[in-house]
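Convention: sequence-line order gives letters A, B, ...; per-chain numbering from 1. This structure is a prediction, so every number in the text was calculated from the model and none was measured.
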2 protein chains.
Amino acid sequence: MVKGSVSREAWVTPDGEAATGRPVGPRGEARRRALLDAAARLFVTKGFEKTTLRDLVETAGGSRATIYELFGDKAGLFRAMMEESNRRVLDHLSDARSPLPASPDEALVRFALHFLRGILNDETRAVVRVLVAESGRIPDIAEEFWQSGPATTVRGVADYLRALADGGGLRIEDPEASAQAFISMVVGELFMKGLILPGRPVPDDEIERRVRYAVRLFLDGIRAPEAAGGGPASGRS
Amino acid sequence: MVKGSVSREAWVTPDGEAATGRPVGPRGEARRRALLDAAARLFVTKGFEKTTLRDLVETAGGSRATIYELFGDKAGLFRAMMEESNRRVLDHLSDARSPLPASPDEALVRFALHFLRGILNDETRAVVRVLVAESGRIPDIAEEFWQSGPATTVRGVADYLRALADGGGLRIEDPEASAQAFISMVVGELFMKGLILPGRPVPDDEIERRVRYAVRLFLDGIRAPEAAGGGPASGRS
DNA sequence: CTCGAACTGTACTGTACGTTACAGTACATA
DNA sequence: TATGTACTGTAACGTACAGTACAGTTCGAG
């Protein structure tokens, strides 16, 4: 009894490695991957509460005890999984940043296409859904997601607009607000709809149509009228 | 034992009234209200799984048996609560629709202010959060929310824009897309941020600033430039 | 006031879950 | 090949929960 009661204090291995960390052997490494993959599938489709450790082990192999050795407890596995998924989703997003080729029209269209395709996939939707549902459980991960995801994306577009404003004939008073407005127009209701309704994927031609419309609306509203008589008729089709 | 085993078949009262219905007496009416109120508070703050019947009864008074008499089971109470909250949130929204006074600027600003304040309150956020988290449990309610809420709002704005396009000097090729873009700009990241992050309320002056910015951006992009002799800038017929 | 139905309180049942303990096994290392 | 240890499988524990049964109480109708 006494020996049992110390088990919590002895939760660190002799050489200082925390038990709630990465695996200690090469076998554990494989099991850790399997558990994280199973977690990414189960937690995200069934939610935290409805996913049982038995489910996870049945999917990943191994045993429940291993979960405790590798992740401390159920919440630890969930948290580790979310950190990873978070990173993966953010990588999708960062792909969309920063190429500044050709005209503003072209640059914005290209960014927006990349961005929209990046956030409308199933994984992103699922991760954000869990983030919303369990944000109370993992406020720090939610915060990091927001800062590294949406906030950074807006800042990236704002930087681009700022650079453009200097010599690009655009009237941009508040780059952050403009960037936010542009991104909002591009996304529209699609993302929220995907969170609330079981979504069939958005057809790619609708994505393109929406992006071109948003860019046109954005530019024609923001383009300085003093750009000489001819006016930049953003010609297409 | 034999008598007990028939209890499931006897789940309907002798006179044919299903147990999962509205209360049969005046006392039950009060208890039903109390239970729905408790549910609106607890389910929405703690989620479906983490809210226990004991919690609900402790908050609402009465007894667990009453829940089964009035709502059938836990999910029935949840569903009834969501239907009501849904309706309340949608009422907020419908307040924002359809006044068409003065200039387009003024009309859009007024609508947007009303709309944004309507969706940025705590109740709306909480209800949508639950809708996202439990959309699998109540797909029909989620669908109804979407159709009666966002979809109807967009349609309302689109109708307004359509009416304006006829004689208002605005170039509106696709009223639905324009309405969607406008609303998206107005909302921006605010709502999604409120879902993911524990939100402090948005200060009212920020709401106003955002709305005015969105309206200006929207109109300057959509206003037909007929003053400048000819208006060839409009790309397509 | 009486009566019966509607509601309440409580105790109980069965079950499912997270967590732990432990004995057995497979594996990396030397 | 020998050895210690990192992982596995299983069983068990305690708890917490939804749902049920039932006797007691309240309240409105006649």
Under 3.5 Å, which N/O atoms of the protein pair with N/O atoms of nucleotides 13-15 of chain C?
none

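Residues B/A214 and B/V186 share a closest heavy-atom pair of CB-CG2, 3.9 Å. Of all non-hydrogen atoms in A/A179 and A/V154, the two that sit nearest each other are CB-O, 3.6 Å.
In this structure, B/E58 places its CD atom where only 12 or fewer heavy-atom neighbours from other residues, nucleotides or ligands lie under 6.0 Å away. Within a 6.0 Å sphere centred on NZ of A/K46, other residues, nucleotides and ligands contribute more than 12 heavy atoms.
A rotation axis mapping the C1' atoms of four pairs onto the next four is fitted at both ends of the helix from C/dC1-D/dG30 to C/dA30-D/dT1 over five pairs, and the angle between these axes is 30° to 10 degrees.
For the pair B/E69 CD and D/dT25 C1', the interatomic distance rounds to 14 Å; values are reported in whole Å. The distance between atom CD of B/E49 and atom C1' of D/dC17, rounded to the nearest whole Å, is 11 Å. Atoms CD1 (A/I67) and P (C/dC17) sit 13 Å apart, rounded to a whole Å. As a whole-Å value, the separation of A/D73 CG from C/dC17 P is 17 Å. Rounded to whole Å, the distance from CG on B/L77 to C1' on D/dA18 is 13 Å. Remark: P of D/dA16 and NZ of B/K50 are 12 Å apart, rounded to the nearest angstrom. B/Y68 has its OH atom 17 Å from the P atom of C/dC7, to the nearest Å. We find that CZ of B/F71 is positioned 16 Å from C1' of D/dA18, with the value rounded to whole Å.
Within residues 56-65 of chain A, the residues that have a heavy atom under 4.0 Å from DNA chain D are, in order of number, A/G62, A/S63, A/R64, A/A65. Interface residues of residues 35-43 of chain A facing DNA chain C, ordered by number: none; criterion, heavy-atom separation under 4.0 Å.
Every residue two or more places apart in sequence or in another chain was checked for a side-chain hydrogen bond (donor to acceptor under 3.5 Å, both in side chains) with B/E206, and none qualifies. By the side-chain hydrogen bond (donor to acceptor under 3.5 Å, both in side chains) test, A/E144 is found to be paired with no residue, residues two or more places apart in sequence or in another chain being considered.
For A/R162 and A/D159, the salt-bridge test passes: some basic side-chain N is under 4.0 Å from an acidic carboxylate O. The pair A/R125-A/D122 counts as a salt bridge, with a side-chain nitrogen and a carboxylate oxygen less than 4.0 angstrom apart.
Applying side-chain contact (heavy atoms from CB on, under 4.5 Å) to A/L36 and the options A/M81, A/R41, A/E83 leaves one that passes, A/M81. Applying the side-chain contact (heavy atoms from CB on, under 4.5 Å) test between B/S178 and each of B/V157, B/L161, B/I183 identifies B/L161 as the sole match.
Aromatic ring pairs are classed by plane angle as parallel below 30°, tilted from 30° to 60° and perpendicular above 60°; the pair B/F218 and B/F182 is tilted.
With A/F48 as the aromatic partner, A/K74 meets the cation-pi criteria of under 6.0 angstrom to the ring centre and within 45 degrees of the ring axis.
OP1 or OP2 of C/dC7 has not a single side-chain nitrogen or oxygen of B/T66 nearer than 4.0 Å.
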Salt bridge (charged side-chain N to carboxylate O under 4.0 Å, His left out) between B/D174 and A/R210: does it pass, once the steps are laid out?
CA-CA 11 Å; B/D174 184 341; A/R210 173 184 296 259; over 6 Å; no
Passes salt bridge (charged side-chain N to carboxylate O under 4.0 Å, His left out), A/R33 versus A/D37? Steps please.
CA-CA 6 Å; A/R33 267 261 53 82; A/D37 291 345; 3.0 Å; yes
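When heavy atoms are screened at a 4.0 angstrom cut-off, B/L53 is found touching the sugar-phosphate backbone but no base atom.
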